[in-house]
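Notes follow the structure.
Side-chain atoms are counted along with the backbone in the values below, which use heavy atoms only and exclude waters and symmetry mates.
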2 protein chains.
Amino acid sequence: MNSILLPSRGRVTISEVASAAGVSKASVSRYIGGDRQLLAEATAERIAQTIERLGFRPNQMARGLKRGRTRLIGMLVADILNPYSVAVMHGVETACQRHGYTLVVCNTNRDDEQECRHLAALQSYNVEGLIVNTLGHHAGELKDLQNRLPLVLVDRQMEGFEADLVGLDNTQAVRQAIDHLQQRGYRDLLLVSEPLDGTSSRQERAQAFRTQIAANPSLKGRLLETNGDFTAKLKTFLTEPGPGPKAVFAANGMAALTSTASLRELGCRLFEDIGLIALDDLDWYPLVGNGGITALAQPTEAIGITALEYLLARLNGSRSAAQRMAFPAELRIRGSTQPRIS
Amino acid sequence: MNSILLPSRGRVTISEVASAAGVSKASVSRYIGGDRQLLAEATAERIAQTIERLGFRPNQMARGLKRGRTRLIGMLVADILNPYSVAVMHGVETACQRHGYTLVVCNTNRDDEQECRHLAALQSYNVEGLIVNTLGHHAGELKDLQNRLPLVLVDRQMEGFEADLVGLDNTQAVRQAIDHLQQRGYRDLLLVSEPLDGTSSRQERAQAFRTQIAANPSLKGRLLETNGDFTAKLKTFLTEPGPGPKAVFAANGMAALTSTASLRELGCRLFEDIGLIALDDLDWYPLVGNGGITALAQPTEAIGITALEYLLARLNGSRSAAQRMAFPAELRIRGSTQPRIS
DNA sequence: CTGTTAGCGCCTTCAG
DNA sequence: CTGAAGGCGCTAACAG
């Protein structure tokens with residue numbers, strides 16, 4: 001009954017299969033390597049049965065060691081608890097599957113030191129390429145790594161670091177948000193963002209917001225980060241006089257969560273007292289307030305798939321200049337931005 | 001400028017370090033293997049500098065091949081898009097980190113065939129142990145695997161399959177839910193579950209619900225799965241006469257999402273017309289309806305950590321009978337179960 | 001078509 | 001304390 005708990009040490013190897021089948025290791029290797037055409041029908045059949053009988057599984061580590069190809073792709077995720085990251089990861093995984101690669105994921109946990117450690121770990125396991133959702137520090141390490149491995153960045157780029165990048169067209173997304181809000185009659189906007197810690201996508205969104213607000217005289221806009229006494233500052237925004245109806249623009253899913261929680265806490269009627277639009281579209285947006293939260297959805301699956309495809313291109317020898325893919329966001333209108341009279 | 005895009009083939013190996021430092025491969029090996037005590041101070045120092053200078057990283061694959069230890073743990077996740085899975089995974093990862101292991105995650109995507117494929121893949125990469133959130137089919141495969149590797153199950157067990165298991169105390173969680181609802185004055189309950197497809201945790205929750213309702217004459221209870229015309233059936237529940245105030249008990253996060261969406265669609269006032277309690281506690285629960293959704297939180301982090309610890313025990317040679325850890329859920333009361341007069 | 005021979009990068013006796 | 005030699009499981013030329 002407890003035989004179950006006795007992992008019999010020593011897996012069956014190619015040698016055992018070879019001798020059991022009465023052929024050479026090379027033949028078995030050819031069989032499992034897909035060179036079945038080079039084998040006589042009978043030999044192949046005999047090997048097949050022996051493999052089946054013994055439950056042989058080729059050791060990918062050993063294969064990788066010899067061939068220099070591990071069929072492993074590494075992915076570094078800044079925060080696995082962030083639905084965006086998981087969604088992109090899902091896309092990468094789908095594409096990996098499609099191309100016969102296995103994905104190894106490491107979670108940085110927003111920690112610089114772990115980013116370093118995991119980068120080293122991934123490398124030491126001979127991943128063939130890397131998809132990185134970086135924190136934005138460690139330019140040195142990454143540059144160094146890029147000399148050894150193809151590498152593509154997701155969502156976040158780094159200053160002075162040339163690499164393929166796939167993410168969102170932040171400027172356009174911000175434009176869509178502002179246009180939509182303005183069209184719906186909002187005039188006094190607040191961009192809520194997680195702390196501007198250098199993360200490029202956050203910076204880009206904030207910068208685009210500032211620029212576009214500055215260029216639009218009929219709108220007023222402020223920026224607020226979700227740290228510190230966020231709720232208090234949000235209250236200030238709500239109460240101070242402005243040019244017209246107020247709306248919050250949450251720069252990502254976390255900001256949307258925080259903003260909504262604080263608005264509730266402040267006793268706002270959602271969304272009669274204030275409008276809300278959020279970047280990212282999380283599955284609970286439709287459930288909040290009166291009619292749900294209007295969203296700008298990122299094509300996360302496509303972002304993941306494209307990231308892997310860029311990587312594959314490099315693996316196949318592409319030497320072109322760094323590519324950039326900036327996907328457009330998709331506006332999904334819900335109750336939080338109902339038309340209103342200004 | 002484009003040197004960045006030229007992954008120089010061929011990483012630096014132990015041999016190069018050895019000759020560059022003027023020592024033997026063995027010495028370098030001893031250095032990186034932690035046998036620094038066996039080396040002369042001067043030799044160690046010289047090796048250290050050479051390694052640094054050349055940017056040498058030991059190839060874990062090769063080490064694994066030789067030593068039989070890869071320091072790799074595999075995890076099979078049924079659905080990476082499920083926040084529960086991700087949360088547990090986060091716990092596993094934390095523990096891995098703590099013990100010097102690297103986690104390789106594969107996502108089954110709720111697909112039987114992929115479960116098989118990934119199981120094979122993981123094994124072929126010489127993971128030392130496996131943490132499995134299985135779909136519950138493939139008892140054969142898993143049993144077979146367990147003969148080679150330590151393996152611990154998370155959340156879901158399999159009939160006739162003896163293995164360490166860590167998850168929730170479903171019976172107690174259901175009891176907590178029912179007790180709470182009853183205490184708050186609800187009398188007519190509806191358990192909403194994702195399809196009962198054999199997933200053990202779903203079955204257990206459904207079974208516990210039936211049993212406890214049957215044993216409690218003052219309560220009426222029905223079970224509804226989220227497939228088919230769920231909303232229509234939910235409407236039936238809402239309109240048909242019952243013994244008193246009605247409440248929905250969502251058996252997990254997905255069920256909570258679906259239920260809430262349907263309740264809104266049906267025009268229910270949340271949560272004056274109906275009560276709601278949900279298993280799992282997702283970050284958006286506080287934002288919904290009047291005061292948020294009451295939850296039974298699972299200690300996901302602890303579940304993940306415990307799973308890895310069980311695995312480590314096996315890796316360290318433990319041969320005890322299969323262990324089971326069933327964590328209690330934690331009740332977090334919110335507005336969806338306000339006191340009411342029956 | 002098939003077997004033999006070298007290693008891939010590293011660790012591990014076993015002698016110095 | 002250190003080096004030389006052999007081999008982990010597998011593949012890749014070469015010869016047959």
Rounding to an integer number of Å, can you tell me how far [X] [atom1] sits from [N] [atom2]?
X: A:Arg69; N: D:dC10; atom1: CZ; atom2: C1'; result: 15 Å
X: B:Met61; N: D:dG7; atom1: CE; atom2: P; result: 24 Å
X: B:Ile14; N: C:dG7; atom1: CD1; atom2: P; result: 18 Å
X: B:Arg71; N: C:dC10; atom1: CZ; atom2: P; result: 18 Å
X: B:Arg36; N: D:dT2; atom1: CZ; atom2: P; result: 14 Å
X: A:Arg67; N: C:dG7; atom1: CZ; atom2: C1'; result: 16 Å
X: A:Leu65; N: C:dG7; atom1: CG; atom2: P; result: 14 Å
X: A:Gln60; N: D:dT11; atom1: CD; atom2: C1'; result: 13 Å

Tell me the salt bridge (charged side-chain N to carboxylate O under 4.0 Å, His left out) pairs involving [range], sequence neighbours left out?
range: residues 81-98 of chain B; result: none
range: residues 56-82 of chain A; result: A:Asp79-A:Arg110
range: residues 29-49 of chain A; result: none

Next item on the list: Might you point out which heavy atoms bring A:Ala18 and A:Lys25 nearest each other, and give the distance in Å?
Entry: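 Heavy atoms of A:Ala18 and A:Lys25 come nearest at CB-N, 3.7 Å.
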Margin query: For a quick test of reading the model: is some side-chain N or O of B:Arg63 closer than 4.0 Å to OP1 or OP2 of C:dC11?
Written below: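 The answer is yes; a side-chain N or O of B:Arg63 sits under 4.0 Å from OP1 or OP2.
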Item checked: Phosphate contact (C:dG9 OP1 or OP2) by B:Thr13 side-chain N/O below 4.0 Å ->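 No, outside the criterion.
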Next item on the list: For B:Phe56, answer base if it contacts any base atom (sugar-phosphate contacts may also be present), sugar-phosphate if it contacts only those atoms, and nothing otherwise; contact means non-hydrogen atoms under 4.0 Å.
Entry: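 The residue B:Phe56 makes sugar-phosphate contact but no base contact.
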Check: For A:Leu39, which contact category applies under a 4.0 Å heavy-atom criterion: base, sugar-phosphate, or nothing?
Finding: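 Since only primed, P, OP1 and OP2 atoms lie under 4.0 Å of A:Leu39, the category is sugar-phosphate.
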Donor-acceptor contact present, side-chain [X] to main-chain [Y], <3.5 Å:
X: A:Gln146; Y: A:Glu162; value: yes
X: B:Asn316; Y: B:Leu312; value: yes
X: B:Thr134; Y: B:Gly136; value: yes
X: B:Gln97; Y: B:Thr94; value: no
X: B:Glu115; Y: B:Leu135; value: yes
X: A:Thr306; Y: A:Ala302; value: yes
X: A:Tyr125; Y: B:Thr70; value: yes

Note to self: Let's test your reading of the pairing rules: Watson-Crick or G-U wobble, both distances under 3.5 Å, then write DNA chain C as a dot-bracket string with ( ), [ ], | and dots.
What the structure shows: ||||.|||||||||||
Next item on the list: Please step through side-chain contact (heavy atoms from CB on, under 4.5 Å) for the pair B:Val88 and B:Val77, ending with a clear verdict.
Entry: CA-CA 10 Å; B:Val88 171; B:Val77 170; over 6 Å; no
Next item on the list: In whole angstrom, give me the gap between the P atoms of D:dG9 and C:dT2.
Entry: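 Comparing P positions in D:dG9 and C:dT2 gives a spacing of 25 Å.
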Item checked: Nearest-angstrom distance, P atom, D:dG6 to C:dT5 ->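 The same atom, P, in both gives a distance of 15 Å.
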Write down the protein N/O and nucleotide N/O pairs, taken from nucleotides 3-6 of chain C, whose separation is under 3.5 Å; answer none if there are no such pairs.
from  : atom 1 : to      : atom 2 : distance (Å)
C:dG3 : OP2    : A:Ser24 : N      : 3.0
C:dG3 : OP2    : A:Ser24 : OG     : 3.1
C:dG3 : OP2    : A:Ser27 : OG     : 3.0
C:dG3 : N7     : A:Arg30 : NH2    : 2.7
C:dG3 : O6     : A:Arg30 : NH1    : 3.2
C:dG3 : O6     : A:Arg30 : NH2    : 3.3

Next item on the list: Check each residue of residues 118-126 of chain B for a non-hydrogen atom within less than 4.0 Å of any atom in DNA chain C, then write out the ones that pass by number, or none.
Entry: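 Close to the strand, none.
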